[in-house]
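Notes follow the structure.
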Amino acid sequence: MKTNKLTFQSENLVVDWISFKFQDLDNRTMMEIANYLFKLGFNSYQESGKLAKPMKESIVVSSKNKSEVLFVIDNSYWKGTIVQFSGNNAASFYNLIKNKLINCELFSSATLGRFDIYYSRKNKINDKISVTNFFENCHRKLKQTNKNVIFEKNKKGLILKIGNRKSNQYFRIYQGKNSLKFEHEMKGKFLRKYRN
């Protein structure tokens, strides 16, 4: 049987968000995880999930560390703690997992809460259609499939949102700097379905 050698890296996919849900994470275990990640180069912060504009409080921080992890406590609709890595922090953490440099026992009582990847395509001079036409064509075709689609413009440019943010899968296509980003957000049952 042929083995599939495709990887995120070979397909230019970037890990952009990883979060874990802990049902019961006591202070001692939280500090154990924070101190462990600190040794791997992650500063740890904590914030409340109930506040609209939460204050980020330091747990273990050093100017030498270049990455960070956020512990979200007091969540509005759920009593546990979320441990999240976003942007470059998620990519760094994923790299450590991939290279088997993470003690997975520390996360054994957690479930993978959310996992995001994106593909970034540079705009090319010889592109056959404009970015605006691409978005309009995608929007029109997706509307025909009865999917929940929102097409809008924000400060950064055009954005196409596909699906519901609260569902197990959510997609966005949006303008970056001289590029288009295709983002896939995965949660809940979708992740549990494909775990090993």
Side-chain angles (χ1 to χ4, degrees), residues 1-47 49 54 56-75 78-122 163 165 167-172 176 179 181-196:
M1 189 171 114
K2 256 188 177 179
T3 51
N4 190 339
K5 294 190 178 178
L6 294 177
T7 64
F8 287 160
Q9 192 173 8
S10 72
E11 300 307 298
N12 295 317
L13 293 170
V14 178
V15 175
D16 195 46
W17 189 285
I18 302 173
S19 71
F20 296 92
K21 288 177 152 186
F22 286 86
Q23 194 68 53
D24 297 299
L25 187 65
D26 58 49
N27 284 337
R28 187 185 60 79
T29 310
M30 186 169 91
M31 283 308 300
E32 189 182 346
I33 293 169
N35 286 322
Y36 173 77
L37 292 171
F38 181 79
K39 289 174 188 169
L40 294 173
F42 291 85
N43 288 327
S44 294
Y45 299 91
Q46 171 181 298
E47 70 178 33
K56 212 159 78 164
E57 298 172 30
S58 301
I59 300 174
V60 190
V61 175
S62 165
S63 58
K64 291 178 184 176
N65 285 354
K66 302 299 174 211
S67 300
E68 67 177 60
V69 58
L70 184 63
F71 291 79
V72 183
I73 58 169
D74 302 326
N75 293 284
W78 181 68
K79 288 185 177 179
T81 301
I82 297 170
V83 178
Q84 68 187 38
F85 304 83
S86 61
N88 291 333
N89 306 305
S92 297
F93 186 73
Y94 176 75
N95 231 14
L96 291 168
I97 293 171
K98 195 175 71 170
N99 292 306
K100 299 182 179 174
L101 298 172
I102 292 289
N103 176 6
C104 294
E105 278 300 306
L106 287 172
F107 296 89
S108 62
S109 65
T111 57
L112 183 59
R114 181 175 148 193
F115 189 84
D116 295 6
I117 54 173
Y118 74 79
Y119 170 77
S120 183
R121 181 197 181 272
K122 294 249 186 238
R165 196 77 197 254
S167 67
N168 292 317
Q169 288 189 80
Y170 180 67
F171 305 89
R172 292 191 308 164
S179 67
K181 277 193 174 179
F182 299 78
E183 187 178 84
H184 186 190
E185 183 180 302
M186 296 160 271
K187 299 194 285 281
K189 288 178 184 175
F190 182 81
L191 289 174
R192 289 193 290 276
K193 182 179 175 184
Y194 291 102
R195 73 183 177 189
N196 290 333

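- When all heavy atoms of M186 and I117 are compared, the pair lying nearest together is CE-CG1, 3.9 Å.
- Of the possible polar contacts, one joining the S19 side chain to the R114 backbone as a donor-acceptor pair under 3.5 Å is found.
- Residues F107 and I97 form no side-chain contact, since every pair of their non-hydrogen atoms from C-beta on lies 4.5 Å or further apart.
- Within a 6.0 Å radius of CG in N35, other residues, nucleotides and ligands contribute more than 12 heavy atoms.
- Residue pairs meeting the side chain to side chain donor-acceptor pair (under 3.5 Å) criterion with at least one member in residues 93-107, sequence neighbours excluded, do not occur.
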Run the side-chain donor-acceptor check on residues 20-33: report pairs under 3.5 Å with partners two or more places apart or on a different chain.
| unit_1 | atom_1 | unit_2 | atom_2 | d |
| --- | --- | --- | --- | --- |
| D26 | OD1 | R28 | N | 3.2 |
| D26 | OD1 | T29 | N | 2.7 |
| D26 | OD1 | T29 | OG1 | 2.8 |

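- Residues E185 and R165 meet the side-chain proximity criterion, which asks for heavy atoms closer than 4.5 Å.
- Rounding to the nearest 0.5 Å places CZ of F71 at 10.5 Å from CD of Q84.
- With rounding to the nearest 0.5 angstrom, the CD atom of E47 is 10.5 Å from the CD1 atom of I59.
- The two residues I18 and A90 come nearest to each other via the heavy atoms CD1-O, 3.7 Å.
- L40 is not listed as a side-chain neighbour of F93, based on a closest heavy-atom distance of 4.5 Å or more.
- Looking only at distances, a side-chain donor or acceptor of N43 sits under 3.5 Å from a matching main-chain atom of S62.
- From F115, atom CZ reaches atom CG of D16 across 10.0 Å, with rounding to the nearest 0.5 Å.
- For the side chain to side chain contact (heavy atoms under 4.5 Å, CB included) test, residues two or more places apart in sequence or in another chain that qualify with I73 are Q46, T81.
- The shortest non-hydrogen separation linking Y118 to E183 is CB-CA, 4.0 Å.
- Put simply, the side chain of F42 does not reach to within 4.5 Å of the side chain of E68, judged on heavy atoms.
- For the pair S167 (side chain) and Q169 (backbone), a donor-acceptor distance under 3.5 Å is present.
- Residue S92 holds its OG atom at 11.5 Å from CG of L37, rounded to the nearest 0.5 Å.
- Atom CD in E57 sits 13.0 Å away from atom OG in S44 (nearest 0.5 Å).
- Not a single donor-acceptor pair under 3.5 Å links the side chain of N89 to the backbone N or O of V69.
- Among F190, F8, Y170, the one residue that satisfies the ring pair (Phe, Tyr, Trp, His ring centres under 6.0 Å) test with H184 is F190.
- Ring-plane geometry between F182 and Y119 is classed as tilted, the angle between the planes lying from 30 to 60 degrees on a 0 to 90 degree scale.
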